[in-house]
Amino acid sequence: MSITVRPIEESEWPAFAAVDYEAFNSTYPREIADRWREVMELDRLLSAFDGGLMVGCAAALSFEMTVPGGPIPVAGVTSVGVLPSHRRRGVLTALMTRQLHDLHENGGEAVAALYASEAGIYGRFGYGRAADTLSFRIPTHGSAFTRSAPADPALRLRVVAPADALPALQRVYDAVRPGRPGMYARTDELWRNEVIPDTDHDRGGMGPLRCIVAEDATGVRGYALFRAKSDWNEHSVPEGEVRLLELMATDPAAYALVWRGVLDRDLCSVVHAGRRPVDDPIMHLLADPRRLNAIWFDDLWIRLVDVDRALAARAYAAPADLVLEIVDETCPWNAGRVRLVTDKGSCEPTDAPADLTLPVDVLGAAYLGGRTLRAAADAGLVREHRPGALRELSAAMMWDPTPWGCRVF
């Protein structure tokens, strides 16, 4: 079998969507592919072919993503799949390798990011687990806030139609995004096709998409997007469910009020809040934090396509002057030594002796500032050649707040 990988033509979009549909065992209506097409960039869609048969797919979205210090261009990798008939034949390796080589050779983004359908796949292509997320299951009757929870008497809650409130939601999101590594800018197409659509498929057995906003005389300061599902038990006691999809606020008082609007929903006994940041302030607002019933998941995975450009593009929390020996089996242009001088914002090739040796996936995992390097060293993944170098680099790369991507792309 000879596999070739190339960008697709416009006429091949239905076949691309069909491969993705089959690879993910999807149940969405085929017209959902039309929504995807509005978001996808044709020249960034790769397909693998076995002769004339399309057997694999991979896409990249052009994002502006916040990293420590500010936003940079990032390739958002998505829709990566292989037909079940062609598993374990090198198709995925061919797609991922071609995508990384294209980014490097075309002077594209120095950083790529993805959400992994399976957590064990992408480490072998140099992606590191750079962010985590929490899922909460909060019983509403145990959701009282602490007495010190912030409040602003000027704020009020209002129920709005998500589509009607879209400009206000965009303003709040864009105000929050620059302060959180991992969050990415959303185009109008992303908002309308991924965030607020409300077909039966999008509902997934829940109710319609709902929205509440917290506002004062100056405008909207926070919002929540959620779905609700009515239910009663055999004793006619209401046991409805709220599924929180997104909650953003520009200040603590608005944040607390929006959460109360979700938690105090009439006839509902539980709120499921998926994909929340691991430093979510709700953990400090609940009087009984055990009521969060939190579960930990992986969130964003980061790949440094060009290590020197990527390290020079972000800011650092502490000064560091280090020579790093990079191990990268997929992208040979990264393999070797670079000198990182954080005060100068420089990272350049060098022949000087290495202070640390580390694989590119470990560096990617630390890139957004949410991972210390000590755990990787304790796992035998990082070698320290100069005493103190590990602590120096780890302290420099850490960032507050912790990284979080918010929503799968």
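As a basis for the values below, the full set of heavy atoms in this structure was taken, side chains included, without hydrogen atoms, waters or symmetry mates.
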Value rounded to 0.5 Å, distance of [atom1] in [X] from [atom2] in [Y]:
| X | Y | atom1 | atom2 | result |
| --- | --- | --- | --- | --- |
| T342 | M397 | OG1 | CE | 11.0 Å |
| E215 | T218 | CD | OG1 | 9.0 Å |
| I212 | R210 | CD1 | CZ | 11.5 Å |
| C211 | R158 | SG | CZ | 9.0 Å |
| L311 | L363 | CG | CG | 5.0 Å |
| R192 | T187 | CZ | OG1 | 10.5 Å |

Closest non-hydrogen atom pair between [X] and [Y], with its separation:
| X | Y | value |
| --- | --- | --- |
| L155 | A214 | CD2-C, 4.0 Å |
| P403 | A131 | O-CB, 3.7 Å |
| W399 | G69 | CZ2-N, 3.6 Å |
| V91 | A48 | CG1-CB, 3.6 Å |
| P150 | A256 | O-CB, 3.8 Å |
| S26 | D20 | OG-O, 4.2 Å |

Does a side-chain heavy-atom distance below 4.5 Å link [X] with [Y]?
| X | Y | result |
| --- | --- | --- |
| P277 | C406 | no |
| T140 | V242 | no |
| L42 | I8 | yes |
| L286 | F145 | yes |
| D202 | L209 | no |
| L46 | M96 | no |
| V77 | Y122 | no |
| T330 | L100 | yes |

Ion pair check, [X] and [Y], cut-off under 4.0 Å:
| X | Y | value |
| --- | --- | --- |
| D299 | R275 | yes |
| R6 | D102 | no |
| E241 | R137 | no |
| E109 | R44 | yes |
| D174 | R177 | yes |

Could you walk me through whether V323 and V338 pass the side chain to side chain contact (heavy atoms under 4.5 Å, CB included) test, one step at a time?
-> CA-CA 6 Å; V323 175; V338 293; over 6 Å; no

For [X], enumerate each residue passing the side chain to side chain donor-acceptor pair (under 3.5 Å) test, keeping only those at least two apart in sequence or located in another chain.
| X | answer |
| --- | --- |
| D306 | H104, R309, W333 |
| Q170 | D188 |
| E194 | none |
| D355 | R386 |

Check: [X] side chain, [Y] main-chain N or O, donor-acceptor pair, under 3.5 Å:
| X | Y | result |
| --- | --- | --- |
| N334 | V307 | yes |
| R303 | G364 | no |
| N293 | I138 | no |
| R391 | S394 | no |

Could you pull out all residues at least two apart from E9 that satisfy side-chain contact (heavy atoms from CB on, under 4.5 Å)?
->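 Listed in chain order: S11, E12.
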
Take E348 and R337 through the test salt bridge (charged side-chain N to carboxylate O under 4.0 Å, His left out) and record every step on the way to the result.
-> CA-CA 8 Å; E348 299 176 350; R337 297 173 193 169; over 6 Å; no

Not counting sequence neighbours, list each pair that qualifies as a ring pair (Phe, Tyr, Trp, His ring centres under 6.0 Å) and has a residue in residues 35-58.
-> Y28-W36

Do any pairs count as a ring pair (Phe, Tyr, Trp, His ring centres under 6.0 Å) and have a residue in residues 51-81, sequence neighbours left out, and if so which ones?
-> F63-Y184, F63-F409

side-chain hydrogen bond (donor to acceptor under 3.5 Å, both in side chains) contacts in which one or both residues fall within [range], not counting sequence neighbours:
| range | value |
| --- | --- |
| residues 245-274 | S143-R260, R186-E246, R221-D251, Y223-E246, E246-R407, Y255-W259, Y255-D280, R260-D264 |
| residues 67-78 | none |
| residues 224-234 | D198-R227, N233-E239 |
| residues 363-384 | D132-R371 |

Step by step, work out the side chain to side chain contact (heavy atoms under 4.5 Å, CB included) result for L92 and I121.
-> CA-CA 10 Å; L92 179 62; I121 293 177; 3.7 Å; yes

Would you check, one step at a time, whether the test side chain to side chain contact (heavy atoms under 4.5 Å, CB included) holds for L114 with Y127?
-> CA-CA 9 Å; L114 58 77; Y127 284 84; 3.5 Å; yes

Dump the intermediate steps for side chain to side chain contact (heavy atoms under 4.5 Å, CB included) on V111 and V67, then the final yes or no.
-> CA-CA 10 Å; V111 176; V67 303; 6.0 Å; no

D288: what forms a salt bridge (charged side-chain N to carboxylate O under 4.0 Å, His left out) with it, not counting sequence neighbours?
-> R291

